[in-house]
Amino acid sequence: MEKIRDLALLSDILPTAFHGLMEAGAKPGSTVYIAGAGPVGRCGAAAARLLGASCIIVGDHDKDRLALMKRNGCETIDLNEDVPLQDQIEKILGEPMVDCAVDYVGTEAHGIGKDADKEDPAYAINQVIDVTRAGGATGIIGIYGPDPLADSKDEQNGIYPIEFGNAWIKSPKITAGQAPIMHYNYELMQAILWDRMPYLSDMLQTKVIGLDDAPQAYADFDNGSAEKYIIDPHGMIAS
Ligand SMILES: NC(=O)c1ccc[n+]([C@@H]2O[C@H](COP(=O)([O-])OP(=O)(O)OC[C@H]3O[C@@H](n4cnc5c(N)ncnc54)[C@H](O)[C@@H]3O)[C@@H](O)[C@H]2O)c1
């Protein structure tokens, strides 16, 4: 029960995030770009550390979420700055590319710099493809299904402008889809129980709330809160 807040992440976001790293071929010493510092992206950074990645770079527009990453040993890129992602990565690594990159954003992606306020559904996926080195791999955890509420007919039909042609010469490996959660559950549970991810709590800022607090928590999450809420309807954790 002491670790229940971390263990609750096994229900979806931690194995999902871990799967993205598996798709992208992350291994000890890899340089990794994590697109998105939402709860799933933050779990991705935690998973990259568990896997022994060397430099973990996290990009987002949200300063509070990036601050959590920074204080937990990641390099961060503030996408409000009007500097191309490759240039930002070069400033950190000395080269404009990483070994593997994972999209933890999906179709709610925004542009960068002066376009940071604009939704651009294929922006994050194109960025991760763009910054992955030739022969590297890219994981797509963000969701790209048909969006019935979208303005454009293409997006309603699940068609997004992915710049595959620009990447073709790099022999890109791109893997996407729903993560097989149960496949990773046991090992990640053991990693938590044996303190291999002690940084998880600080990265995720998990907060347990009662059912009555859920509407406010949903609203706060929608506004980009840096906390991850766990609803405990029967007060079991408190007791
Ligand atoms: N594949 C699966 O099995 C699976 C499971 C769970 C969640 N997901 C998906 O994972 C994604 C992330 O979930 P979440 O709860 O962390 O979402 P979230 O909305 O809290 O986080 C997304 C973050 O991405 C940032 N962002 C926006 N544009 C960006 C860009 N161009 N580059 C980098 N960051 C950018 C946002 O500021 C935000 O902080 C969603 O699409 C969600 O549906 C997939």
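Along the sequence shown, residues are numbered consecutively beginning with 1. In each ligand, atom 1 is the first atom listed, and ligand 1 is the first ligand listed.
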### Message
Quick check on contacts: which atoms of ligand 1 are under 4.0 angstrom from a heavy atom of Gly38?
### Response
16 (O), 20 (O), 21 (O), 23 (C), 39 (O)

### Query
Considering only protein heavy atoms, which is closest to atom 22 (C) of ligand 1, and at what distance to one decimal place?
Tyr104 O, 4.0 Å

#### Entry: Within-4.5 Å side-chain heavy-atom neighbours: Asp130 and Gln86
yes

### Task
Determine whether Ile192 and Leu14 make a side-chain contact, defined as any pair of heavy atoms from C-beta on separated by less than 4.5 Å.
yes

### Heavy-atom nearest neighbour in the protein, as seen from atom 40 (C) of ligand 1, with distance rounded to 0.1 Å
Val105 O, 3.7 Å

### Query
Are any of the heavy atoms in Asp12 under 4.0 Å away from ligand 1?
yes

### Message
Below 3.5 Å, N or O to N or O, backbone or side chain included: is there any such pair between Gly106 and ligand 1?
### Response
no

### Message
Strictly distance-based, threshold 3.5 Å: is any side-chain N or O of Gln156 a donor or acceptor partner for the main-chain N or O of Ala150?
### Response
yes

### Nearest neighbour in protein (non-hydrogen) for atom 3 (O) of ligand 1
Ala179 N, 2.9 Å

### Summary
For Val58 and Gly36, the nearest pair of non-hydrogen atoms, with its separation, is CG1-O, 4.2 Å

### Query
If you measure from atom 37 (O) of ligand 1 to every heavy atom of Asp60, Asp64, Thr107, which option wins on shortest distance?
Asp60

### Enumerated ligand 1 atoms positioned under 4.0 Å from heavy atoms of Gln178
1 (N), 3 (O)

### Task
Evaluate the 4.0 Å heavy atom contact test for atom 17 (O) of ligand 1: does a protein atom fall under the cut-off?
no

### Task
Could you check if a side-chain atom of Ile112 sits within less than 4.5 angstrom of a side-chain atom of Leu85, using non-hydrogen atoms only?
no

#### Entry: Worked check of side chain to side chain contact (heavy atoms under 4.5 Å, CB included) between Ile230 and Ile4
CA-CA 10 Å; Ile230 294 178; Ile4 194 67; over 6 Å; no

### Ala176 near ligand 1 by a heavy-atom separation under 4.0 Å
no

### Verify same cluster id: Leu79, Ile125 (apolar side-chain graph, 4.5 Å)
yes

### Task
Considering heavy atoms of the protein only, find what lies nearest to atom 5 (C) of ligand 1 and give residue, atom and distance to 0.1 Å.
Thr16 CG2, 3.4 Å

### Message
Could you tell me if Tyr229 and Asp213 have a donor-acceptor pair between their side chains, going purely by distance under 3.5 Å?
### Response
no

### Task
Give me the ring orientation class for Tyr184 and His19: parallel if the planes are under 30° apart, tilted from 30 to 60°, perpendicular past 60°.
tilted

## Note on the structure
For atom 14 (P) of ligand 1, the closest protein heavy atom turns out to be Val40 CG2, 3.7 Å

### For atom 31 (N) of ligand 1, the protein heavy atom that lies nearest, with its residue and separation
His110 O, 2.9 Å

### Message
Checking the N or O distance criterion of under 3.5 Å, is ligand 1 in contact with Gly177?
### Response
yes

### Message
Within the structure, is a non-hydrogen atom of Pro39 found at a distance of less than 4.0 Å from ligand 1?
### Response
yes

### Query
If you look at every heavy atom in Leu204 and Pro39, which pair is closest and at what distance?
CD1-O, 3.8 Å

#### Entry: Under-4.0 Å heavy-atom contact with ligand 1, by part of Leu79 that carries it
side chain

### Task
Return a yes/no value for Arg65: is any of its N or O atoms, backbone included, closer than 3.5 angstrom to an N or O of ligand 1?
yes

### Message
At under 4.0 Å between heavy atoms, is it the side chain or the backbone of Gln127 that contacts ligand 1, or both, or neither?
### Response
side chain

#### Entry: Where ligand 1 meets Tyr123 - atom numbers and elements under 4.0 angstrom, heavy-atom basis
31 (N)

### Summary
The residue among Leu211, Ile237, Ile209 that forms side chain to side chain contact (heavy atoms under 4.5 Å, CB included) with Asp232 is Ile237

### Task
Taking atom types as modelled, find out whether Thr138 and Asp103 have a side-chain donor-acceptor pair closer than 3.5 angstrom.
no

### Query
When you measure from atom 29 (C) of ligand 1 to every protein heavy atom, which one gives the shortest distance, and what is it?
His61 CE1, 3.6 Å

### Message
One thing to verify: whether Asp115 and Lys118 come together as a salt bridge, which I'm taking to mean a side-chain N less than 4.0 angstrom from a carboxylate O.
### Response
yes

#### Entry: Protein residue, atom and distance nearest to atom 44 (C) of ligand 1, heavy-atom basis
Ile141 O, 3.1 Å

